[in-house]
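The block underneath contains the structure these notes are about, expressed in structure tokens.
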Amino acid sequence: ADRSGHYREMAIRTDWPAGGLKPLWKQPVGGGYASFVIADGHAFTIEQRGPQEVVAAYDVATGRELWTSASKAVFRESMGGDGPRATPTWHDGRIYALGATGELRALDAATGATLWRTNILDDAGASNLQWGMSAAPLVVDDTVVVLPGGSKGNSVVAYDRATGKRAWSALDDTASYASPMLVTLGGVRQILVFTASRLVSLAADSHTELWDFPWTTQYGVNASQPLLLGNDQVFVSTGYGSGAAAIQLTKEGERFSVRELWRTNLMKNQFTSSVLHDGFIYGLDESILTCLDASTGARKWKNGRYGYGQVMLASGHLVVLTETGELALVRATPDAYQELAKFPAIEGKTWNHPSMSGGYLLIRNLSEMAAFDLRR
């Protein structure tokens with residue numbers, strides 16, 4: 001829920017059988033790279049079904065489809081693939097879903113009824129990105145924040161979450177692919193935005209810029225989530241040879257100063273995100289699982305080829321969803337790489353992030369989805 005990749009709701013089962021976990025259910029799903037958001041026993045995602053982007057609600061325990069909300073839109077991209085990218089956001093009985101071409105819908109989570117809709121690219125006068133709108137909407141107080149990347153103060157735009165009316169906007173940056181995050185650093189609530197050229201912070205109340213950290217990559221791709229290392233430190237990592245860095249923030253009046261603590265080329269998160277556990281960072285350096293000391297950036301180990309998959313932290317273990325649709329369980333320890341289990345879960349290219357709630361693990365890719373019971 002805090003976009004840290006850390007599942008804290010309850011302890012999960014870590015004694016996975018040698019033959020793999022048996023799915024509660026497995027069934028087809030529409031195309032695209034969104035994940036699930038789970039609430040009240042329902043799982044919500046956005047899929048490409050023919051000429052339409054479809055927000056769908058499923059029953060977590062059975063996989064039964066509960067409702068759909070369709071909008072005519074098709075995003076095609078030959079290198080990455082077609083379909084919507086941004087995971088929907090649930091808040092207070094509503095779903096906020098963003099399509100790859102900028103269609104933002106507010107839906108009733110119980111029925112799928114449309115409450116309001118707008119196209120954030122049209123509204124901000126912005127062009128779409130090469131790989132489409134990918135940042136999940138972020139609810140901040142009474143607004144929903146999105147990243148169209150428009151100029152003239154239209155890079156970050158917030159809409160009243162009840163009515164859909166524009167509430168405020170800020171910055172002139174070109175957008176990138178990471179999702180905005182609501183965090184507290186130095187005792188100040190702020191919104192972190194990873195643009196195409198920098199990590200920048202906006203005050204949650206005044207929406208003014210608090211600090212920034214330049215970070216440029218090839219093609220303007222900053223796709224991984226910033227990772228909080230403490231109440232005044234942040235970690236960033238990207239692919240294309242860029243590597244990673246940790247920064248220290250110091251409050252100075254109404255703003256913050258930024259000091260780089262360390263930088264390394266030993267962790268390159270292409271479009272996955274790292275996680276933090278007991279002072280150590282775990283993530284995919286391109287396609288190989290790696291552990292870094294969060295205080296120094298020194299590598300503790302590098303092992304396990306999982307392709308361009310995704311990593312989630314739960315109960316002191318790493319749940320890794322590989323690029324080929326396998327699920328792996330790895331102990332989160334700096335001592336050594338310890339893979340405890342791995343088995344094929346779904347078939348096909350899998351770039352979608354796993355989701356977990358109530359001890360249920362949900363995964364999906366371009367064509368298949370499945371659920372596993374990890375309750376102890």
| task | May I ask you to decide if W131's main-chain N or O and R85's side chain share a donor-acceptor pair within less than 3.5 Å? | result | yes

| query | Do R198 side-chain atoms and A196 backbone N/O form a donor-acceptor pair below 3.5 Å? | reply | no

| message | I want to check something: taking the side chain as every heavy atom from C-beta on, are T114 and S69 in contact at a cut-off of under 4.5 Å? | response | yes

| message | If you define the side chain from C-beta out and look only at heavy atoms, does anything of R8 sit under 4.5 Å from D2? | response | yes

| query | Are F75 and V55 co-members of a hydrophobic cluster defined by side-chain heavy atoms under 4.5 Å apart? | reply | no

| said: Ignoring hydrogens and geometry beyond distance, is a side-chain donor-acceptor pair present between Y33 and K349 at under 3.5 Å? | reply: yes

| So, do L313 and H6 sit near enough that their side-chain heavy atoms are less than 4.5 Å apart? | yes

| message | Please report the interatomic distance CD(Q248) to CG(L229), rounded to the nearest 0.5 Å. | response | 10.0 Å

| Just checking, is any N or O donor in the side chain of S35 or S355 under 3.5 Å from an acceptor N or O on the other one? | yes

| Spacing of OH belonging to Y282 relative to CH2 belonging to W301, to within rounding of 0.5 Å | 6.5 Å

| message | Counting only heavy atoms not in R305 (residues, nucleotides, ligands), do more than 12 fall under 6.0 Å from its CZ? | response | no

| note | d(E323 CD, L284 CG) to nearest 0.5 Å is 10.0 Å

| E47 to A56 - nearest heavy-atom pair and separation | OE2-CB, 3.5 Å

| message | Looking at every non-hydrogen atom in both residues, tell me the closest pair between Q48 and P51 and how far apart they are. | response | NE2-C, 3.9 Å

| Closest heavy-atom contact between I46 and A86? | CG2-O, 3.4 Å

| Does K302 NZ have over 12 foreign heavy atoms under 6.0 Å away? | yes

| Does the side-chain contact (heavy atoms from CB on, under 4.5 Å) test come out yes or no for M312 and M356, once each step is laid out? | CA-CA 9 Å; M312 171 185 276; M356 205 181 316; 3.5 Å; yes

| Main-chain N/O of L185 paired with Q190 side-chain donor or acceptor, under 3.5 Å | yes

| query | Per the side chain to side chain contact (heavy atoms under 4.5 Å, CB included) rule, which among V200, N222, L147, D173 passes with F194? | reply | N222

| message | Do W215 and Y177 sit in one hydrophobic cluster, given that two such residues count as connected whenever their side-chain heavy atoms are within less than 4.5 Å of each other, even indirectly? | response | no

| said: Please determine whether residues M10 and V319 belong to a single hydrophobic cluster, defined as Ile, Leu, Val, Met, Phe, Trp and Tyr linked transitively by side-chain heavy-atom distances below 4.5 Å. | reply: yes

| query | Does the side chain of V188 reach to within under 4.5 Å of the side chain of F256, using non-hydrogen atoms? | reply | yes

| said: Would you say L115 ends up clustered with L104 if hydrophobic residues are merged whenever their side chains have heavy atoms under 4.5 Å apart, either directly or through other cluster members? | reply: yes

| Residues that Y159 engages under ring pair (Phe, Tyr, Trp, His ring centres under 6.0 Å), provided they are two or more places apart | none

| query | Out of V145, V140, L171, L192, which one pairs with L202 under the side chain to side chain contact (heavy atoms under 4.5 Å, CB included) rule? | reply | L171

| Would you find a donor on one side and an acceptor on the other, under 3.5 Å apart, between the side chain of N269 and the backbone of T238? | no

| query | Is there a donor-acceptor pair under 3.5 Å between the side chain of T89 and the backbone N or O of P137? | reply | yes

| Check: R331 side chain, A336 main-chain N or O, donor-acceptor pair, under 3.5 Å | no

| task | Report yes or no: does T350 contribute a side-chain atom to a donor-acceptor pair with the main-chain N or O of G348 at less than 3.5 Å? | result | yes

| task | Would you sort out whether L374 and Y7 count as a side-chain contact (heavy atoms from CB on, under 4.5 Å), showing the intermediate values? | result | CA-CA 12 Å; L374 294 185; Y7 174 73; over 6 Å; no

| task | Examine distances only and state if a side-chain atom of D172 and a backbone atom of S151 form a donor-acceptor pair shorter than 3.5 Å. | result | no

| query | With the threshold set at 4.0 Å, does a side-chain nitrogen-carboxylate oxygen contact exist between E65 and R49? | reply | yes

| field | I191 CD1 to L210 CG distance, which is reported to the nearest 0.5 Å | value | 9.5 Å

| task | Give a yes or no on whether Y58 and Y360 share a hydrophobic cluster (residues Ile, Leu, Val, Met, Phe, Trp, Tyr; joining criterion: side-chain heavy atoms under 4.5 Å apart). | result | yes

| said: Using only atom types and a distance under 3.5 Å, with no angle test, would you say the side chain of Q218 pairs donor to acceptor with the backbone of G220? | reply: no

| request: Could you tell me the separation between the OG atom of S257 and the CD1 atom of I247, rounded to the nearest 0.5 Å? | output: 10.5 Å

| said: side-chain contact (heavy atoms from CB on, under 4.5 Å), that's the test. Do E103 and M133 meet it? Break it down for me. | reply: CA-CA 9 Å; E103 175 82 3; M133 291 282 98; over 6 Å; no

| remark: Exactly one candidate in N119, T118, I120 meets side chain to side chain contact (heavy atoms under 4.5 Å, CB included) with D122; the answer is N119

| request: Measure the shortest side-chain to side-chain distance between L66 and F44 over non-hydrogen atoms and say whether it is less than 4.5 angstrom. | output: no

| task | Begin with the C-alpha distance, continue with both residues' side-chain angles, and end with the deciding distance and a verdict on side-chain contact (heavy atoms from CB on, under 4.5 Å) for S273 and H353. | result | CA-CA 9 Å; S273 299; H353 201 284; 5.7 Å; no

| request: Find out whether L138 and V144 are in side-chain contact, i.e. whether some heavy atom of one side chain is under 4.5 Å from a heavy atom of the other. | output: no

| E254, CD: over 12 other non-hydrogen atoms inside 6.0 angstrom | no

| said: Tell me if the NZ atom of K300 is crowded by more than 12 foreign heavy atoms within 6.0 Å. | reply: no

| message | To the nearest 0.5 Å, what is the distance between CD on E53 and CZ on R105? | response | 6.5 Å

| request: For residues L21 and F343, determine if any side-chain heavy atom of one lies less than 4.5 Å from a side-chain heavy atom of the other. | output: yes

| According to the interplanar angle, ranging from 0 to 90°, do the rings of Y240 and Y219 count as parallel (below 30°), tilted (30 to 60°) or perpendicular (above 60°)? | perpendicular

| request: Check whether any side-chain N or O of W25 sits under 3.5 Å from a backbone N or O of M369 as a donor-acceptor pair, and report yes or no. | output: no

| message | Less than 4.5 Å apart, side chain to side chain, heavy atoms only: is that true for R299 and M267? | response | no

